[in-house]
Amino acid sequence: MVKRDTGYLFAIASVAGTWGIPNEAAYVASKHGMVGFMDTIANETRSTGVTVSTLCPGGIDTPWWTKDHPYGDGKNHADGSTSHLISTQEIVDIIDLQMQMPAGRVLKRLVWFPKGEWH
């Protein structure tokens, strides 16, 4: 991409890559590492036509939020309802938005989550 002076690089991290979540040290560490890695790549390619974006969504509609997950203790969506969470299509839409933006614009670190989530 650098040689061609064009391209997009997207990372789907997590809001956990932006602050510490109690009892999730390993997950948080991996996401902080991912965000830092992508920040470095973004800085290394800043003077090129390569666009580097890191997306940090909150709760995504996955089994993570169901009763079977360790978080299914009544504090988070233990009733199994996940319809208010971020859909995978929303993530695709954000990537599409970045790709349609004018050259020279970048969603460097986009953090978003469902209203009322624990953030």
Side-chain angles (χ1 to χ4, degrees):
M1 284 189 237
V2 170
K3 192 175 194 177
R4 292 181 322 179
D5 198 36
T6 187
Y8 293 91
L9 185 59
F10 292 95
I12 313 300
S14 168
V15 69
T18 65
W19 71 285
I21 300 172
N23 304 314
E24 288 294 321
Y27 180 75
V28 168
S30 70
K31 297 308 177 185
H32 271 265
M34 185 178 193
V35 168
F37 177 69
M38 295 303 290
D39 282 355
T40 300
I41 293 173
N43 283 322
E44 290 175 353
T45 59
R46 188 178 358 184
S47 63
T48 73
V50 178
T51 300
V52 179
S53 296
T54 305
L55 308 181
C56 299
I60 300 172
D61 187 1
T62 68
W64 175 273
W65 299 103
T66 62
K67 290 180 183 181
D68 295 337
H69 188 275
Y71 277 158
D73 61 1
K75 289 191 247 176
N76 296 297
H77 322 295
D79 62 358
S81 65
T82 58
S83 61
H84 65 288
L85 298 176
I86 296 168
S87 71
T88 53
Q89 185 60 53
E90 288 178 70
I91 294 171
V92 170
D93 292 345
I94 293 292
I95 291 170
D96 188 50
L97 172 67
Q98 172 66 82
M99 294 179 76
Q100 292 181 37
M101 293 176 85
R105 304 291 185 269
V106 61
L107 300 172
K108 181 179 186 246
R109 189 182 305 165
L110 179 65
V111 179
W112 82 105
F113 40 86
K115 184 175 167 92
E117 196 173 282
W118 42 265
H119 305 285

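Everything quoted here is computed from the prediction, not taken from an experiment.
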Indicate the atoms forming the closest heavy-atom contact of Val28 with Gly20, along with that distance. CG1-CA, 4.0 Å
Inter-residue atom distance Leu110.CG - Ile12.CD1, 0.5 Å rounding: 10.0 Å
Closest non-hydrogen contact found for Cys56 with Ala13 is SG-CB, 4.2 Å
Could you tell me the separation between the CE atom of Met1 and the CD1 atom of Ile41, rounded to the nearest 0.5 Å? 9.0 Å
Do Ile95 and Trp112 belong to the same hydrophobic cluster, where Ile, Leu, Val, Met, Phe, Trp and Tyr are linked whenever their side-chain heavy atoms lie under 4.5 Å apart, directly or via other members? yes
State whether the side chain of Asp5 and the backbone N or O of Gly49 hold a donor-acceptor pair below 3.5 Å, judged by distance alone. yes
Does Gln98 reach the main-chain N or O of Asp93 with its side chain, forming a donor-acceptor pair under 3.5 Å? no
Looking only at non-hydrogen atoms, find the nearest pair between Ala16 and His32 and report the distance. O-CD2, 3.3 Å
Tyr8 atom OH, neighbour heavy-atom count above 12 within 6.0 Å: yes
Under a single-linkage definition using a 4.5 Å side-chain heavy-atom cutoff for Ile, Leu, Val, Met, Phe, Trp and Tyr, are Leu55 and Val35 assigned to the same hydrophobic cluster? no
Closer than 3.5 angstrom, by distance alone: can the side chain of Ser87 be matched with the main-chain N or O of Glu90 as a donor-acceptor pair? yes
Mind checking whether Ile60 and Phe10 sit in one hydrophobic cluster, side chains of I, L, V, M, F, W, Y counted as touching below 4.5 Å? yes
Value rounded to 0.5 Å, distance of CZ in Phe113 from OG in Ser14: 11.0 Å
Between the OG1 atom in Thr88 and the CG atom in Leu85, the distance rounded to the nearest 0.5 Å is 12.0 Å
For the pair Thr51 and Arg105, evaluate side chain to side chain contact (heavy atoms under 4.5 Å, CB included) and give the outcome as yes or no after the intermediate values. CA-CA 8 Å; Thr51 300; Arg105 304 291 185 269; over 6 Å; no
The reported gap from CG in Leu9 to OG1 in Thr45 (rounded to nearest 0.5 angstrom) is 8.0 Å
Under 4.5 Å between side-chain heavy atoms, hopping through other hydrophobics if needed: is there a path connecting Val52 to Met34? no
With the 4.5 Å side-chain cut-off for hydrophobic clustering, are Leu97 and Val106 part of the same group? no
Could you measure the distance from the OG atom of Ser53 to the NZ atom of Lys108? Nearest 0.5 Å is fine. 10.5 Å
